[in-house]
Amino acid sequence: KTLPVLGPIEVSGSGDTTYHTIPSFSFTDQTGHPFSSQQLENKIYVASFFFATCKSVCPKMNEQVLKVQNAFKEDTSVQIVSFTVDPESDSVAALNAYGEKMHIDPKVWHLLTGNKDSIYTIAREGYLVPAAEGKTANDFFHSQDLMLIDTKHRIRSIIDGTDPAEVDSLIDEIKLLKVVG
């Protein structure tokens, strides 16, 4: 079995195929340390977008992402990155408190904050998810999508992070990528 490569594809006149890849980024994680895409080199990772005060899909999704964390907690080649879509409220301290409350291991799962425009740009242009502010200051876009990213920074799967069966399948897809790339 193989996984598709998702996103726009360019084919040159010579027939070479170029797949969409996640561009470089640099933010701050819940421990207050810089975290960049360079730290994900040669790693498989799951990406998501959330905000710490969300009361709807985020808690359900992050409970499921804990299954991914726990399935690979001893495997440094698999990581998780969750970008806040509300960086004005989700300070390093707020993300750290959220991480502790959710039992997030900061060596495996990185909660990222930073410049709002940069986060929304990486969401739209990198991870290909719609990202826009909501109608009020407390109504932020967030997605229940989890994106599986391979070691070449390509999107290989997008699943509903609130669906336990889809998250179980995601864990199987990660295991497959570890074997076949």
Heavy-atom pair of closest approach, residues [X] and [Y]:
X	Y	result
His20	Leu6	CB-O, 4.3 Å
Asp90	Ala52	OD2-N, 3.0 Å
Ile44	Lys178	CD1-CG, 3.5 Å
Ala94	Ser89	CB-O, 3.7 Å
Gln79	Lys107	OE1-O, 3.3 Å
Gly161	Gln64	O-CB, 3.2 Å

Hey, does [Y] have a side-chain heavy atom less than 4.5 Å from the side chain of [X]?
X	Y	value
Asp168	Lys67	yes
Met147	Ile149	yes
Ile104	Gln30	yes
Glu125	Pro23	no
Thr121	Phe25	no
Leu95	Thr28	no
Pro106	Asn96	no
Ser48	Ser143	no

**Request:** Evaluate the criterion side chain to side chain contact (heavy atoms under 4.5 Å, CB included) for residue pair Ile159 and Asp145; output intermediate values, then yes/no.
**Result:** CA-CA 5 Å; Ile159 63 112; Asp145 290 341; over 6 Å; no
Using 0.5 Å steps for rounding, measure from the [atom1] atom of [X] to the [atom2] atom of [Y].
X	Y	atom1	atom2	value
Asp86	Thr53	CG	OG1	5.5 Å
Ile174	Ser77	CD1	OG	9.5 Å
Asn42	Asp150	CG	CG	10.5 Å
Tyr19	Lys152	OH	NZ	9.5 Å
Met61	Ser56	CE	OG	9.5 Å
Ser36	Asp29	OG	CG	11.0 Å

**Asked** When you look at Val65 and Gln69, which way does the side chain to side chain contact (heavy atoms under 4.5 Å, CB included) test go after all the steps?
**Response** CA-CA 6 Å; Val65 177; Gln69 172 187 278; 5.7 Å; no
**Pair Asp160-Thr162, side-chain donor/acceptor within less than 3.5 Å** =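 Side-chain D/A pair, Asp160 to Thr162: present.
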**Request:** Using a cut-off of 6.0 Å, state whether more than 12 heavy atoms not belonging to Lys60 lie near its atom NZ.
**Result:**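 At most 12 heavy atoms, drawn from other residues, nucleotides or ligands, come within 6.0 Å of this atom.
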For [Y], does its backbone N or O pair with a side-chain atom of [X] as donor and acceptor, under 3.5 Å?
X	Y	value
Thr84	Thr113	no
Glu100	Ala97	no
Arg156	Leu3	yes
Glu88	Lys116	no

**Message:** Determine whether Asn62 and Trp109 satisfy the following criterion, side chain to side chain contact (heavy atoms under 4.5 Å, CB included), listing intermediate values before the conclusion.
**Reply:** CA-CA 11 Å; Asn62 287 334; Trp109 190 347; 3.5 Å; yes
**Request:** Could you check Leu146 against Ile80 for side chain to side chain contact (heavy atoms under 4.5 Å, CB included), going step by step and ending with a plain yes or no?
**Result:** CA-CA 10 Å; Leu146 299 179; Ile80 303 165; over 6 Å; no
**Message:** Checking side chain to side chain contact (heavy atoms under 4.5 Å, CB included) between Leu177 and each of Leu148, Val78, Thr2, Asp172, which is the one that passes?
**Reply:**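 Among Leu148, Val78, Thr2, Asp172, the one that satisfies the side chain to side chain contact (heavy atoms under 4.5 Å, CB included) with Leu177 is Leu148.
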Answer yes if [X] and [Y] sit in the same cluster of Ile, Leu, Val, Met, Phe, Trp and Tyr residues linked by side chain heavy atoms under 4.5 Å apart, and no otherwise.
X	Y	value
Val129	Val5	no
Ile9	Ile22	no
Val81	Leu128	yes
Val167	Met102	yes

**Item:** Centroid-centroid distance, Phe27 to Phe35, less than 6.0 Å
**Value:**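 No, too far apart.
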**Asked** Taking the six-membered ring for Trp, are Tyr127 and Phe83 parallel (under 30°), tilted (30 to 60°) or perpendicular (over 60°)?
**Response**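 Tyr127 vs Phe83 ring planes: tilted.
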**Message:** Between His153 and Glu41, is the side-chain hydrogen bond (donor to acceptor under 3.5 Å, both in side chains) condition met? List the steps.
**Reply:** CA-CA 8 Å; His153 308 285; Glu41 286 297 318; 3.1 Å; yes
